[in-house]
Amino acid sequence: MIASIPIKEEWDLLLPLLGSNAIKDPNDAQKILGVPDSMLELQGSNRDVILWLMEVTVSQRFGDIMRKIKEYMEKCEGPVMMIVIIIREARAYSSPEVMSSAGIWAKTHKTLLNLEEWQHDDDRPVDGLVQSVVPHRWMDRLDITVKVWLRHPDGHFSFNDANNLYGRSAQLTPEPRTGMAGLEAILKRGMVAIRDSIIDFVEKECEHSQEDLRALHEWMPPTCIFNWDKIVDRVRKASLRDAHERYKVFSNVHDTVTRTKPSFPRVCVGAEENLFSRPHHREEGPNYVLDTDDCMLHMQLE
């Protein structure tokens with residue numbers, strides 16, 4: 001979809017989708033405002049402009065998410081659209097107790113199972129429980145919410161309301177999905193605003209004629225900006241790997257504890273076991289193997 005935006009080669013412009021790039025304070029190049037998971041940036045010979053920003057959050061408090069976003073959005077003048085995908089487990093994870101079914105199972109099965117051996121046909125990552133052949137609730141249902149905000153004509157983002165003319169919220173999971181029509185509509189408006197920002201940039205920075213700009217003026221985004229089914233499928237696969245990692249952490253800890261201590265402490269995977277490729281701060285819930293690259297940087301844009 002992004003590749004279909006008609007940018008002429010002689011304008012010498014790039015329109016890359018970047019992952020984990022730091023946003024610097026325009027008034028202080030040494031100060032980092034934030035590091036979003038993804039951003040669309042128009043890059044020219046003399047200057048660059050960020051067009052959209054995206055965050056993927058896993059098991060974070062919504063208030064913490066919004067504080068993080070507001071910190072850099074208040075000083076970042078370019079973006080016309082902000083997208084946040086929020087992934088939360090329906091119930092917080094706890095590691096098995098030593099005398100639980102999983103603990104007893106671990107005593108009699110010393111070989112660590114790989115993912116294929118461990119998973120069960122009845123496991124339902126994202127949509128339901130992942131319990132595997134080792135009896136325990138390794139992963140609960142995941143609730144996936146998408147929030148989108150557009151920059152208001154007066155120049156600000158109204159983050160206080162996610163269901164108005166400049167903000168929309170939709171639920172991808174659990175089924176049935178809700179708010180999708182409004183979400184698709186605001187994403188399409190966002191892409192039109194991005195097109196207009198590109199036109200404004202070309203008019204100011206590039207040699208052009210009105211004929212050159214005609215194709216840009218006529219370009220319209222597709223009806224569906226994201227392939228949500230593919231995004232959910234990537235989250236589903238990543239969450240199954242994450243549940244398996246919880247099992248491996250438990251098995252390794254259990255083996256150590258049973259050899260060295262008479263009792264088995266309750267274990268909840270914490271920051272020191274964070275297996276994100278790019279760690280996220282959180283104050284509640286587990287850490288995930290679920291990599292933001294899996295669920296969003298491969299966004300499956302139509």
Side-chain angles (χ1 to χ4, degrees), residues 19-20 37 56-60 85-144 173-174 230-298 300:
S20 298
D37 290 310
V56 180
T57 71
V58 184
S59 198
Q60 291 179 271
I85 295 185
I86 302 168
I87 304 171
R88 293 184 61 84
E89 198 166 2
R91 192 170 83 173
Y93 167 74
S94 292
S95 183
E97 300 282 0
V98 67
M99 294 309 295
S100 67
S101 297
I104 295 171
W105 190 95
K107 289 180 180 179
T108 57
H109 298 76
K110 297 300 183 182
T111 302
L112 194 66
L113 302 179
N114 62 34
L115 179 59
E116 185 175 295
E117 297 167 330
W118 172 84
Q119 70 183 81
H120 193 281
D121 290 341
D122 293 335
D123 289 338
R124 299 172 56 218
V126 173
D127 306 306
L129 300 180
V130 175
Q131 294 186 292
S132 82
V133 299
V134 184
H136 185 65
R137 186 189 292 256
W138 298 106
M139 178 74 69
D140 214 309
R141 186 192 78 233
L142 295 182
D143 298 339
I144 306 176
T173 65
K230 288 186 178 180
I231 289 172
V232 171
D233 186 58
R234 287 183 178 274
V235 176
R236 182 174 288 112
K237 292 175 181 177
S239 65
L240 186 62
R241 294 196 305 270
D242 182 58
H244 183 242
E245 287 295 328
R246 288 174 170 175
Y247 151 73
K248 291 197 294 183
V249 169
F250 161 73
S251 296
N252 291 335
V253 171
H254 179 275
D255 182 59
T256 301
V257 169
T258 53
R259 283 189 284 105
T260 60
K261 296 182 180 180
S263 61
F264 180 66
R266 190 174 182 82
V267 176
C268 185
V269 179
E272 63 275 11
E273 290 88 27
N274 187 359
L275 297 174
F276 268 104
S277 63
R278 207 166 45 252
H280 285 232
H281 173 72
R282 59 179 63 76
E283 294 182 6
E284 66 172 359
N287 289 302
Y288 287 82
V289 172
L290 179 60
D291 190 333
T292 49
D293 287 346
D294 279 315
C295 58
M296 216 50 225
L297 297 186
H298 303 289
Q300 302 298 329

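The basis for the numbers below is simple: all heavy atoms, side chains too, and nothing from hydrogens, waters or symmetry mates.
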Nearest atoms (heavy-atom pairs only) where V134 meets Y247
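Where V134 meets Y247 most closely, the heavy atoms are CG2-CE1, 3.8 Å.
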Tell me, please, which residues at least two apart from R91 pass side-chain hydrogen bond (donor to acceptor under 3.5 Å, both in side chains).
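Applying side-chain hydrogen bond (donor to acceptor under 3.5 Å, both in side chains) to R91 gives none.
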How long is the gap from [atom1] on [X] to [atom2] on [Y], to the nearest 0.5 Å?
X: F250; Y: W105; atom1: CZ; atom2: CH2; result: 9.5 Å
X: D233; Y: I231; atom1: CG; atom2: CD1; result: 11.0 Å
X: T173; Y: L142; atom1: OG1; atom2: CG; result: 6.5 Å
X: S251; Y: H244; atom1: OG; atom2: NE2; result: 8.0 Å

Quick one: side-chain hydrogen bond (donor to acceptor under 3.5 Å, both in side chains) pairs with a partner in residues 126-139, sequence neighbours left out?
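Every pair satisfying side-chain hydrogen bond (donor to acceptor under 3.5 Å, both in side chains) with a residue in residues 126-139: W118-S132, D127-R236, S132-W138, R137-D140.
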Does any non-hydrogen side-chain atom of M139 lie less than 4.5 Å from one of E89?
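Yes, at least one pair of side-chain atoms sits under 4.5 Å.
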Among V126, V235, T57, D143, find the one that has a side chain to side chain contact (heavy atoms under 4.5 Å, CB included) with I87.
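Result: among V126, V235, T57, D143, V235 is the only option passing the side chain to side chain contact (heavy atoms under 4.5 Å, CB included) with I87.
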So, R88 side chain and I144 main chain: donor-acceptor pair closer than 3.5 Å or not?
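No, the answer is negative, given that no donor and acceptor are paired below the 3.5 Å cut-off.
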Considering only residues two or more places apart or on different chains, which pairs with a residue in residues 113-126 satisfy salt bridge (Lys or Arg N to Asp or Glu O under 4.0 Å)?
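Pairs touching residues 113-126 that pass the test: none.
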